[in-house]
K.L.:
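Dropping a structure here in structure tokens format, bear with me for questions.
Worth saying up front: this structure is predicted, and the values here are computed from it rather than measured.
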Amino acid sequence: MRIARPLLVLLHVVLETRALRYSNGYYYQTIENSNGNGEIYFNGVRLHVESPQMSVSAIQGSNVTLPCHYRYEPELSAPRRTRVKWFWQPATGEGREKDVMVALGSRHRSYGGFRGRVRLRRSVPGDASLVINPLQVDDTGRYRCEIIDGLEDESVTVELEFRGVVFPYYSPRGRYQLTYQEAKEACEQQGACLATFQQLFAAYEEGLDWCNAGWLADGTAQYPVSVPREACGGKELAPGVRSYGLRHKTLDQFDAFCFTSSIRGEVYFLEHPLKLNFTEAVEVCMQDGAHIAKVGELYAAWKFVGLDQCNAGWLADGSVRYPITRPRPNCGPPEPGVRSFGFLPHHLKYGVYCHKVRWKYSEEGRKRNEG
């Protein structure tokens, strides 16, 4: 018995319609594979997730926006209910991704150390950019923005780096006295962290020249040489970052290369009628509502705010230093930098650099720095 053509066409349409599953505004087609399992093929508009910046740099203590935008092709006439998820992996690349936040409509939840510090910008439709405020020292790394709509999901990654300054640091006991862990702790005590190779190389390209090897975050010992000389590996070697390679973290001892990117607060040279020993210096900063500045805080003020003071002062580690952005006679070498007298006996008399915890430099602090 033959089926009439119109009935055959109708039966074909019904079967096609049953093969299409409707979910969240999209049609999905189920096709049986060789094992008899249903595989899902997207049959609607296309979801695109993009970022105009694959790498973003910022300063610790400030805020940052990691861009992420999504759109549909073809463009939709009405907004859709999408889920936004952000993940983070440390700059070392070690370990699995960790949840940062998830948002669905006006509801959102943040996780771990990001709780209370992150939100979505949502400045325009399709804007899923992540705002972090304030940035903390461990926030650098790779962030992944994932957009989920029904069975469809797409993602994009954005690298977060800190703009900062690298400075060499050695123990009050002398040169080459720090194990890896001691170097790490020494940097942290001065408001910094061990520098990465990328940070040290960037500092070398900006002119850092230092003839003593220091620990880096990856467990190597390296040092930057801009002007080759006999005392720094020989004149015949080209300029560059010299490396001793990976070293034993408990048996080997070196100096350290620290990295700071924090500008939270105000560093200033305290005007005082008398020179001070170290104990007096600590006390007068406290009386001024501050604390004696750390080495990393002084470097950050010199680098980011332009602190320029041709007066030597005590710092929290017992060293005596002063920052120069405008080299001039009687203020040390002809290059800008933070000058150091090293670790001196605490009974000697100098000025002092203090630090007040503030988000922005006050007008009074700006005048101090320019004075």
K.L.:
Check whether Leu160 and Tyr111 end up in the same hydrophobic cluster, where Ile, Leu, Val, Met, Phe, Trp and Tyr are linked by side-chain heavy atoms less than 4.5 Å apart.
P.N.:
no
K.L.:
To check you understand the geometry: which heavy-atom pair defines the closest contact between Lys235 and Pro228, and what is its length?
P.N.:
O-CB, 3.8 Å
K.L.:
Please check: side-chain N/O of Tyr176 versus main-chain N/O of Asn212, any donor-acceptor pairing under 3.5 Å?
P.N.:
no
K.L.:
Walk me through it: do Arg109 and Asp99 pass the test side-chain contact (heavy atoms from CB on, under 4.5 Å)?
P.N.:
CA-CA 10 Å; Arg109 175 181 295 177; Asp99 293 336; over 6 Å; no
K.L.:
Do Ile132 and Val102 share a hydrophobic cluster (ILVMFWY, side-chain heavy atoms under 4.5 Å, transitive)?
P.N.:
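No, no single cluster joins them.
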K.L.:
Yes or no on disulfide (SG to SG under 2.5 Å) for Cys68 and Cys145, after CA distance, side-chain angles and deciding distance?
P.N.:
CA-CA 7 Å; Cys68 175; Cys145 171; 2.0 Å; yes
K.L.:
Restricting to salt bridge (charged side-chain N to carboxylate O under 4.0 Å, His left out), what partner residues turn up for Glu146, sequence neighbours left out?
P.N.:
Arg144
K.L.:
Is the closest side-chain heavy-atom distance between Cys354 and Val267 below 4.5 Å?
P.N.:
no
K.L.:
Does Ser51 use its side chain to pair, donor to acceptor, with the backbone of Met54 at less than 3.5 Å?
P.N.:
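Judged by distance alone, no pair lies under 3.5 Å.
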K.L.:
Salt bridge check: are Arg175 and Asp255 linked by an N-O gap of less than 4.0 Å?
P.N.:
yes
K.L.:
Evaluate the side-chain contact (heavy atoms from CB on, under 4.5 Å) criterion for residues Cys310 and Ile324: first the C-alpha distance (whole Å), next the side-chain angles of each, then the deciding distance (0.1 Å), finally the verdict.
P.N.:
CA-CA 7 Å; Cys310 194; Ile324 295 296; 4.1 Å; yes
K.L.:
Just by modelled atom types, is the Ser57 backbone N or O under 3.5 Å from a matching donor or acceptor in the Arg163 side chain?
P.N.:
yes
K.L.:
Does the side chain to side chain donor-acceptor pair (under 3.5 Å) test come out yes or no for Thr250 and His248, once each step is laid out?
P.N.:
CA-CA 6 Å; Thr250 56; His248 197 288; 3.0 Å; yes
K.L.:
For Glu75, look at atom CD and say whether over 12 heavy atoms of other residues, nucleotides or ligands are found less than 6.0 Å away.
P.N.:
no
K.L.:
With clusters defined by side-chain heavy atoms of hydrophobic residues (ILVMFWY) lying less than 4.5 Å apart, directly or transitively, does Ile147 cluster with Val131?
P.N.:
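In one cluster: no.
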K.L.:
Looking at Tyr169 and Gln190, would you say the former's side chain and the latter's main chain have a donor-acceptor pair under 3.5 Å?
P.N.:
no
K.L.:
Applying side-chain contact (heavy atoms from CB on, under 4.5 Å), run through Tyr268 and Asp288 and close with a yes or a no.
P.N.:
CA-CA 11 Å; Tyr268 58 96; Asp288 201 45; 2.4 Å; yes
K.L.:
Disulfide (SG to SG under 2.5 Å) for Cys258 and Cys187? Distances and angles first, verdict last.
P.N.:
CA-CA 6 Å; Cys258 305; Cys187 289; 2.0 Å; yes
K.L.:
Can you list the steps and then say if Phe343 with Tyr170 is a ring pair (Phe, Tyr, Trp, His ring centres under 6.0 Å)?
P.N.:
CA-CA 10 Å; Phe343 298 94; Tyr170 62 92; 5.6 Å; yes
K.L.:
Would the Tyr353 and Trp314 ring centres measure less than 6.0 Å apart?
P.N.:
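That pair fails the under 6.0 Å test.
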K.L.:
Do the side chains of His272 and Val352 get nearer than 4.5 Å, heavy atoms only?
P.N.:
no
K.L.:
Can you check whether Thr179's main-chain N or O pairs, donor with acceptor, with Glu182's side chain at less than 3.5 Å?
P.N.:
yes
K.L.:
For Pro67 and Val158, work out which heavy atoms get closest and say how close.
P.N.:
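Closest pair (atom of Pro67, atom of Val158, distance): O-CG2, 3.7 Å.
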K.L.:
May I ask you to check whether over 12 heavy atoms, not counting those of Arg328, lie within 6.0 Å of atom CZ?
P.N.:
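Correct, the count exceeds 12.
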K.L.:
Does the side chain of Leu298 come within less than 4.5 Å of Arg321's, by heavy atoms?
P.N.:
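Yes, at least one pair of side-chain atoms sits under 4.5 Å.
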K.L.:
How far apart are the closest heavy atoms of Cys232 and Tyr223, and which atoms are they?
P.N.:
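So the two residues come closest at O-OH, 3.8 Å.
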K.L.:
Roughly how far apart are Ser62 OG and Leu135 CG, rounded to 0.5 Å?
P.N.:
5.0 Å
K.L.:
Do Asn311 and Tyr350 have side-chain heavy atoms sitting under 4.5 Å apart?
P.N.:
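Contact flag for Asn311/Tyr350 side chains = no.
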K.L.:
Decide, yes or no, whether a salt bridge links Glu297 with Lys356 under the criterion of side-chain N to carboxylate O below 4.0 Å.
P.N.:
no
K.L.:
Does the plane of the ring in Trp302 sit parallel, tilted or perpendicular to the ring in Tyr299? Use 30° and 60° as the thresholds.
P.N.:
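Judged by the thresholds at 30° and 60°, the geometry between Trp302 and Tyr299 is perpendicular.
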K.L.:
Donor-acceptor pair, Trp86 side chain versus Ala128 backbone, under 3.5 Å?
P.N.:
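A pair under 3.5 Å: yes.
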K.L.:
Looking only at heavy atoms, which two atoms of Thr325 and Asp308 are closest? And how far apart?
P.N.:
N-OD2, 2.7 Å
K.L.:
Which atoms form the tightest heavy-atom contact between Ser110 and Val118, and what is the distance?
P.N.:
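Looks like CB-CG2, 3.5 Å.
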K.L.:
For Gln89, does its backbone N or O pair with a side-chain atom of Arg96 as donor and acceptor, under 3.5 Å?
P.N.:
no
K.L.:
Please test Glu185 against Gln189 for side chain to side chain donor-acceptor pair (under 3.5 Å), starting from the C-alpha separation and ending with a verdict.
P.N.:
CA-CA 6 Å; Glu185 293 173 355; Gln189 290 168 2; 5.0 Å; no
K.L.:
After noting the C-alpha distance and the side-chain angles of Lys303 and Glu206, does the key distance pass the salt bridge (Lys or Arg N to Asp or Glu O under 4.0 Å) rule?
P.N.:
CA-CA 12 Å; Lys303 178 73 172 181; Glu206 293 178 358; 3.3 Å; yes
K.L.:
Take Phe257 and Trp210 through the side-chain contact (heavy atoms from CB on, under 4.5 Å) test and state the conclusion after the steps.
P.N.:
CA-CA 10 Å; Phe257 284 103; Trp210 197 255; 3.9 Å; yes
K.L.:
Under a single-linkage definition using a 4.5 Å side-chain heavy-atom cutoff for Ile, Leu, Val, Met, Phe, Trp and Tyr, are Ile148 and Leu104 assigned to the same hydrophobic cluster?
P.N.:
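No, no single cluster joins them.
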K.L.:
Considering all heavy atoms of both residues, which atom of Ile292 and which atom of Ala281 are nearest to each other, and what is their separation?
P.N.:
CD1-CB, 4.4 Å
K.L.:
Would you call Asp127-Arg121 a salt bridge at under 4.0 Å N-O?
P.N.:
yes
K.L.:
Quick one: does Glu152's side chain have a donor or acceptor within less than 3.5 Å of a partner on Asp149's backbone?
P.N.:
no
K.L.:
Between Arg117 and Pro134, is any pair of side-chain heavy atoms under 4.5 Å apart?
P.N.:
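Yes, at least one pair of side-chain atoms sits under 4.5 Å.
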K.L.:
Around atom CZ of Arg83, are there more than 12 heavy atoms from other residues, nucleotides or ligands closer than 6.0 Å?
P.N.:
no
K.L.:
Let's go through Glu154 and Arg71 carefully: what are the C-alpha distance in whole Å and the side-chain angles of both, what is the deciding distance for salt bridge (Lys or Arg N to Asp or Glu O under 4.0 Å) to 0.1 Å, and is it a yes or a no?
P.N.:
CA-CA 11 Å; Glu154 295 289 342; Arg71 60 183 176 84; over 6 Å; no
K.L.:
Any donor and acceptor pair, going by atom type alone, linking the side chain of Arg339 with main-chain N or O of Cys331 inside 3.5 Å?
P.N.:
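At least one qualifying donor-acceptor pair exists.
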K.L.:
The test is side chain to side chain donor-acceptor pair (under 3.5 Å); show your working for Asp252 and Tyr244 and say whether it passes.
P.N.:
CA-CA 11 Å; Asp252 290 328; Tyr244 287 107; over 6 Å; no
K.L.:
Do Phe87 and Lys98 make a side-chain contact, defined as non-hydrogen atoms from C-beta onward lying under 4.5 Å apart?
P.N.:
no
K.L.:
Whether Glu97 and Arg142 form a salt bridge (side-chain N of Lys/Arg under 4.0 Å from carboxylate O of Asp/Glu) is what I want to check.
P.N.:
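Here Arg142 does not pair with Glu97 in a salt bridge, since their nearest N and O are not under 4.0 Å apart.
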K.L.:
So do the side chains of Asp209 and Arg229 get within less than 4.5 Å of each other, counting heavy atoms only?
P.N.:
yes
K.L.:
Please determine whether residues Leu246 and Leu194 belong to a single hydrophobic cluster, defined as Ile, Leu, Val, Met, Phe, Trp and Tyr linked transitively by side-chain heavy-atom distances below 4.5 Å.
P.N.:
no
K.L.:
I want to check something: taking the side chain as every heavy atom from C-beta on, are Ser319 and Val295 in contact at a cut-off of under 4.5 Å?
P.N.:
yes
K.L.:
Begin with the C-alpha distance, continue with both residues' side-chain angles, and end with the deciding distance and a verdict on side chain to side chain donor-acceptor pair (under 3.5 Å) for Gln222 and Thr220.
P.N.:
CA-CA 6 Å; Gln222 309 194 37; Thr220 61; 2.9 Å; yes
